[in-house]
Amino acid sequence: VLGSATPSLESWQNSAQGKYARIELRDRVMNRPLPEVELLDMRREFQETGQEQLFSRALVTQTQEVLDRNEQALILLNRRGYSFAVICRACGEKLECQNCAIALTHHKPALDEAGLARAGQRLECHYCGYRRTVPARCPKCDSEHLYYLGAGSQQGEERLAEIFPGARIGRMDRDTVRGRHDLERLLARLHSGEINLLVGTQMIAKGHDIHGITLVGVVGCDHALSMPDFRAAERVFQLMTQVSGRAGRGELPGRVVVQTYYPDHYAILAASRHDYTAFVERELKYRRWMHYPPFGVLANVLVQSPKLEEAAGWSAELGKWMQKGAPEGVRVLGPCTAPIARIKGIYRFHMILKAGSRNALNAALRGMLAHADASGVPRRNLVVDVDAQRLM
């Protein structure tokens, strides 16, 4: 039994073809209305205010009104840490992890129950766990003009405390919820009303049934639309729909405010109207045109090595075989550098294989692995992800 407010497109297509039996719940419990969703164009917000704001004027106003009525509000800010990148304004250097080709995230000190800092500021990699202190000057050009780019949930909590000094604010992300007991304590405080304003990452989006929440703010959710992944629009729609469902679950009606730079994007519009069918119909057209699942099968072949030359050479060798030896009906994209080119000191190249049938895809993968053995490409350096959920 599969249950979801936002099933995957593969599951939806299986139900449309009769492979699954689909049962729809069209109404909320006790016929409570779905929350009204307001889209705020952050491009216009910038034009009118002349400055970049983490929280729009409308979201601040509506949050204050909710708090004044002794109700609860929830703010989704789907990035951990304080700032998600540190760059030098003088030379453009971005402070990256020494093991991964990814920017280090800035974390401010965590506070204990007495409000005292437990540790100093740090830069942290969310892929390998590497940490370092925050430098006073740029390590490349020795400039002091370091700039902290973007805002995460930790900065969101700090800003909300400045805007709403009387609010009882909580934060739910992987930095504050390390285990089951942390989560239970935080939810108990939310249920009891001890917390009336909660900010957090996607951990707050699913499964929580808090009847006092009447307002949900969605901040920075649409940045995922720029990810190089064909499921990007589906994930944004799912996240928006799931977090919107946290509002108005009690007797009082709910409201959702979505801050976006893409107010005309079909995924944003469909989520704002609670229209899963409209999103699916649009998305399935693109998937059909591009032969992506559910209208084909897909595998992501990852070639990796601690040595850049090895990873590049092996991927080129397998790519040449694929171009000549792949069965008819199999399309090969790549090889190319993976979107995250290095993780934990391992260089990564990948190929995406698309086919109309699973038999053709399996034949291509078996042939490629046989060629890899014959060419001296170690199996331990190959990762074959069939029906890959993420291409990063």
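- Salt-bridge check for R358 with D387: passed, with a basic side-chain N closer than 4.0 Å to an acidic carboxylate O.
- Enclosure of atom CZ in R22 by more than 12 non-hydrogen atoms of other residues, nucleotides or ligands within 6.0 angstrom is indicated.
- The aromatic rings of F279 and F237 lie parallel to each other, with less than 30° between the two planes, well short of the 60° mark.
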Exercise. Are H106 and Q155 close enough, and set up right, to give a side-chain hydrogen bond (donor to acceptor under 3.5 Å, both in side chains), and what steps lead you there?
Worked result: CA-CA 10 Å; H106 175 220; Q155 185 175 157; over 6 Å; no
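- Look at E234 and R287 and you find a salt bridge, because one of the NZ, NE, NH1 or NH2 atoms lies within 4.0 Å of a carboxylate O, short of that distance.
- K354 forms a cation-pi arrangement with Y292, by the criterion of a distance under 6.0 Å to the ring centre and an angle within 45° of the ring axis.
- The environment of E310 atom CD is dense: over 12 non-hydrogen atoms of other residues, nucleotides or ligands sit within 6.0 angstrom.
- With hydrogens and angles disregarded, a donor-acceptor distance shorter than 3.5 Å links the side chain of R28 to the backbone of G248.
- Looking only at distances, no side-chain donor or acceptor of Y130 sits under 3.5 Å from a matching main-chain atom of L104.
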Exercise. Going through the distances and angles, do E158 and Y82 end up as a side-chain hydrogen bond (donor to acceptor under 3.5 Å, both in side chains)?
Worked result: CA-CA 9 Å; E158 182 179 289; Y82 194 85; 2.6 Å; yes
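- Note that R89 lies in the cation-pi zone of Y147, set by a 6.0 Å cut-off to the ring centre and a 45° limit from the axis.
- Formation of a donor-acceptor pair under 3.5 Å by the R379 side chain with backbone atoms of A372 is not found in this model.
- Here the straight-line distance linking atom CZ of F55 with atom CE of M42 works out to 10.0 Å at 0.5 Å rounding.
- One hydrophobic cluster, built from ILVMFWY side chains closer than 4.5 Å, holds both I268 and V37.
- Put simply, the residue from R79, K108, R80 that forms a salt bridge (Lys or Arg N to Asp or Glu O under 4.0 Å) with D175 is R80.
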For this session: Give the intermediate values and the outcome of side-chain contact (heavy atoms from CB on, under 4.5 Å) for residues L197 and V199.
Result: CA-CA 7 Å; L197 180 54; V199 60; over 6 Å; no
For this session: Starting from the C-alpha separation in whole Å, work towards a yes-or-no answer on side-chain hydrogen bond (donor to acceptor under 3.5 Å, both in side chains) for N14 and E10.
Result: CA-CA 6 Å; N14 282 334; E10 290 87 341; over 6 Å; no
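- Without hydrogens or angle criteria, Q304 side chain to I346 main chain gives no donor-acceptor distance under 3.5 Å.
- Ion pairing between a basic and an acidic side chain is recognised when a charged N comes within 4.0 Å of a carboxylate O; R168 and E194 show no such pairing.
- L198 and V219 fall into different hydrophobic clusters, where Ile, Leu, Val, Met, Phe, Trp and Tyr are joined by side-chain heavy atoms under 4.5 Å apart, directly or via other members.
- Using modelled atom types, no side-chain atom of H208 and backbone atom of I210 make a donor-acceptor pair closer than 3.5 Å.
- Linking Ile, Leu, Val, Met, Phe, Trp and Tyr residues whenever their side-chain heavy atoms come within less than 4.5 Å leaves I343 and F84 in two separate clusters.
- By the neighbour-count criterion of 12 heavy atoms within 6.0 Å, atom CD of Q17 is densely surrounded, having more than that number from other residues, nucleotides or ligands.
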Exercise. Can Q62 and E38 be said to form a side-chain hydrogen bond (donor to acceptor under 3.5 Å, both in side chains), step by step?
Worked result: CA-CA 11 Å; Q62 294 187 45; E38 176 185 0; 3.0 Å; yes
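- If you chain together hydrophobic residues whose side chains sit under 4.5 Å apart, L54 and I163 fall into the same group.
- Of all heavy-atom pairs spanning I204 and R246, the tightest one is O-CG, 3.7 Å.
- Around the CD atom of E162, the shell of radius 6.0 Å holds more than 12 heavy atoms that belong to other residues, nucleotides or ligands.
- Salt bridge D229/R390: absent, no basic N to carboxylate O contact under 4.0 Å.
- M322 places a side-chain heavy atom less than 4.5 Å from the side chain of L353.
- Residues L77 and L215 fall within the same hydrophobic cluster, defined by Ile, Leu, Val, Met, Phe, Trp and Tyr side chains chained together at heavy-atom separations under 4.5 Å.
- With respect to K307 and E309, no salt bridge is recorded, no charged nitrogen being found less than 4.0 Å from a carboxylate O.
- Taking 4.0 Å as the cut-off between side-chain N and carboxylate O, R43 and D41 count as a salt-bridged pair.
- Smallest separation of non-hydrogen atoms from S153 and T201: OG-CG2, 4.1 Å.
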